[in-house]
Amino acid sequence: MGLELHVFVLLDSRGPARETLRREGLVETYERAHPGQGTANVCYAFDNAFVELLWIEDESDARHPRTARTRLWERSHHGCPFGICWRGEVSFETWDYHPQYLPQERAISVATLSDDPAQPMLFAALGKAPSTWPEDRQRGLQRASGFSKLALHISAPHRVPELEELARGGVFTLSEGPWDARIAFGEKTLSLAALRDPR
């Protein structure tokens with residue numbers, strides 16, 4: 001099992017987080033909407049990782065029965081706002097999510113743990129790591145700003161065996177504390193929890 005170092009934080013809205021990341025020297029690699037899921041995002045791709053800012057744009061789609069089990073609506077308001085992606089085999093229980101924006105035959109494996117919006121959303125990777133993208137797509141990576149690799153540290157307020165299993169892959173570190181995902185690039189460290197919009 002390997003981990004796709006992909007972490008998202010759900011924001012209350014589009015908000016000021018993008019400007020914060022610009023000030024930190026990051027460039028937006030791409031942005032897109034997720035039709036039928038009710039969300040949109042902007043992503044920042046490093047050679048080994050993605051950081052994704054995610055927000056709800058359509059409440060009815062986000063709360064629709066086809067999407068509801070993801071608990072994205074709840075996460076954006078009062079749940080754990082983080083998602084972490086893995087690649088490969090895992091031992092914990094999962095379910096197949098068929099979002100409307102993907103072909104019907106494709107599904108995203110989501111940890112059953114994530115049925116509880118107080119837990120992070122853990123899900124399997126579908127795409128390829130940025131370092132394997134075609135050369136023209138790699139022009140949007142953060143190395144243009146002098147940053148190639150991203151490191152991730154997760155803090156959790158209690159033991160989460162599924163997180164512990166993923167952390168054993170060695171791609172992120174884990175400790176006890178309030179929910180947070182701290183990213184490190186170059187000499188900078190940034191809390192994704194701090195990017196969330198003021199309440």
Side-chain angles (χ1 to χ4, degrees), residues 4-21 28-45 49-86 90 92-127 152 154-158 160-163 166 172 177-183 190-199:
E4 176 77 4
L5 184 44
H6 175 160
V7 58
F8 74 65
V9 57
L10 259 162
L11 308 174
D12 290 343
S13 64
R14 187 180 295 265
R18 295 170 76 159
E19 185 54 40
T20 299
L21 293 186
E28 298 166 5
T29 305
Y30 64 85
E31 59 182 301
R32 63 181 58 154
H34 305 113
Q37 182 173 277
T39 57
N41 71 7
V42 58
C43 289
Y44 303 80
F50 296 84
V51 174
E52 177 182 5
L53 305 182
L54 186 67
W55 59 89
I56 305 290
E57 291 213 319
D58 187 317
E59 177 180 350
S60 62
D61 277 349
R63 303 183 82 165
H64 190 278
R66 68 175 167 256
T67 306
R69 192 175 176 183
T70 66
R71 303 295 191 266
L72 288 167
W73 174 259
E74 292 85 351
R75 293 175 198 288
S76 71
H77 286 76
H78 53 75
C80 178
F82 302 110
I84 301 166
C85 184
W86 80 80
V90 292
F92 48 80
E93 185 178 353
T94 65
W95 61 278
D96 286 343
Y97 172 45
H98 291 270
Q100 184 176 313
Y101 61 86
L102 288 179
Q104 182 57 35
E105 66 274 11
R106 300 192 75 190
I108 299 171
S109 293
V110 179
T112 303
L113 162 88
S114 302
D115 287 354
D116 178 358
Q119 305 297 330
M121 185 173 177
L122 307 179
F123 60 101
L126 288 179
L152 174 65
I154 301 293
S155 61
H158 50 77
V160 181
E162 291 87 343
L163 271 182
L166 296 180
F172 70 86
W179 281 118
D180 199 0
R182 299 187 68 84
I183 57 173
L190 186 65
S191 161
L192 296 188
L195 291 180
R196 302 209 67 207
D197 299 354
R199 302 271 174 178

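Quick note: numbers below take in every heavy atom, side chains included, and nothing from hydrogens, waters or symmetry partners. Throughout, numbering of the chain's residues begins at 1 and tracks the sequence.
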Visitor: Just so I know, are the side chains of Pro81 and Arg75 near enough to count as touching, which here means a heavy-atom distance under 4.5 Å?
Guide: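 Not in contact.
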
Visitor: Do His34 and Asp61 pass the side chain to side chain contact (heavy atoms under 4.5 Å, CB included) test, and can you show the C-alpha distance, the side-chain angles, and the key distance before you say yes or no?
Guide: CA-CA 10 Å; His34 305 113; Asp61 277 349; over 6 Å; no

Visitor: Is the shortest side-chain heavy-atom distance between Leu192 and Val51 below 4.5 Å?
Guide: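 Side chain of Leu192 against side chain of Val51, heavy atoms only: contact under 4.5 Å found.
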
Visitor: Determine the minimum heavy-atom distance between Ala62 and Thr67, stating which atoms define it.
Guide: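 The pair with the smallest heavy-atom distance is O-CG2, 3.6 Å.
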
Visitor: Do you know which two heavy atoms are closest between Trp179 and Ala118, and how far apart they sit?
Guide: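 What the structure gives for the nearest pair is NE1-O, 3.4 Å.
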
Visitor: Measuring from Leu190:CG to Asp180:CG, what's the distance to the nearest 0.5 Å?
Guide: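 One finds 9.0 Å between CG of Leu190 and CG of Asp180.
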
Visitor: So does Glu52 get a backbone contact from the side chain of Asn41, meaning a donor-acceptor N/O pair under 3.5 Å?
Guide: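 Absent.
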
Visitor: Say whether, by atom type as modelled, one donor and one acceptor occur between the side chain of Ser76 and the main chain of Leu10 under 3.5 angstrom.
Guide: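 No; judged by distance alone, with no hydrogens or angles, the pair does not exist.
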
Visitor: Just how far is it from atom CZ of Arg63 to atom CD1 of Ile56, taken to the nearest 0.5 Å?
Guide: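 CD1 of Ile56 is found 10.0 Å from CZ of Arg63.
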
Visitor: Decide yes or no on side chain to side chain contact (heavy atoms under 4.5 Å, CB included) for Thr70 and Val110, but give the supporting numbers first.
Guide: CA-CA 8 Å; Thr70 66; Val110 179; 5.7 Å; no

Visitor: Set out, in order, the CA-CA distance, both residues' side-chain angles and the distance that settles side chain to side chain contact (heavy atoms under 4.5 Å, CB included) for Phe92 and Leu113, then state yes or no.
Guide: CA-CA 9 Å; Phe92 48 80; Leu113 162 88; over 6 Å; no

Visitor: Say you draw a straight line from CG of Leu152 to CD1 of Ile183; how long is it, rounded to the nearest 0.5 Å?
Guide: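 The distance works out to 8.5 Å.
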
Visitor: Counting only heavy atoms not in Glu19, do more than 12 fall under 6.0 Å of its CD?
Guide: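 Buried by this count: over 12 neighbours within 6.0 Å.
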
Visitor: Go through Leu102 and Ile108 one step at a time and tell me if the side chain to side chain contact (heavy atoms under 4.5 Å, CB included) criterion holds.
Guide: CA-CA 9 Å; Leu102 288 179; Ile108 299 171; 4.0 Å; yes

Visitor: Heavy-atom distance under 4.5 Å between the side chains of Val90 and Leu122, does that happen here?
Guide: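 Not touching, per the 4.5 Å side-chain cut-off.
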
Visitor: Do Trp95 and Asp115 have side-chain heavy atoms sitting under 4.5 Å apart?
Guide: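 The answer is yes; the side chains approach within 4.5 Å.
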
Visitor: Is any side-chain heavy atom of Thr112 less than 4.5 Å from a side-chain heavy atom of Arg69?
Guide: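 They are in side-chain contact.
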
Visitor: Locate the shortest heavy-atom distance separating Phe172 from Leu163; write the atom from each residue and the value.
Guide: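 The pair with the smallest heavy-atom distance is CZ-O, 3.6 Å.
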
Visitor: Are Phe123 and Thr94 packed together at the side-chain level, in the sense that at least one heavy-atom pair is separated by less than 4.5 angstrom?
Guide: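 Phe123 does not reach Thr94 side chain to side chain.
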
Visitor: Can you tell me how far the CZ atom of Arg71 sits from the CD atom of Gln119, to the nearest 0.5 Å?
Guide: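 Taking CZ in Arg71 and CD in Gln119, the distance rounds to 12.5 Å.
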
Visitor: I need the Leu54 CG to Thr39 OG1 distance, nearest 0.5 Å.
Guide: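 The OG1 atom of Thr39 is 5.0 Å from CG of Leu54, to the nearest 0.5 Å.
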
Visitor: With sequence neighbours left out, write down each residue that passes ring-ring contact (aromatic ring centres under 6.0 Å, His included) with Tyr30, or none if nothing qualifies.
Guide: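 Here no residue qualifies.
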
Visitor: Please report the closest heavy-atom contact between Ser114 and Pro120, naming both atoms and the distance.
Guide: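 Result for this residue pair: OG-O, 2.9 Å.
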
Visitor: Please name the pair of heavy atoms, one in Ala124 and one in Cys85, separated by the smallest distance, quoted to 0.1 Å.
Guide: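 What the structure gives for the nearest pair is C-SG, 3.6 Å.
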
Visitor: Where do Ala45 and Thr29 come nearest, in terms of heavy atoms and distance?
Guide: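 It is N-OG1, 2.9 Å.
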
Visitor: In Å, rounded to the nearest 0.5 Å, how long is the span from CD of Gln37 to NE2 of His64?
Guide: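 Rounded to the nearest 0.5 Å, the CD-NE2 separation comes to 13.0 Å.
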
Visitor: Is any side-chain heavy atom of Arg18 closer than 4.5 Å to one of Tyr44?
Guide: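 Tyr44 reaches Arg18 side chain to side chain.
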
Visitor: In terms of the angle between their ring planes, are His6 and Phe50 parallel, tilted or perpendicular, with boundaries placed at 30° and 60°?
Guide: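 Ring orientation of His6 relative to Phe50: tilted.
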
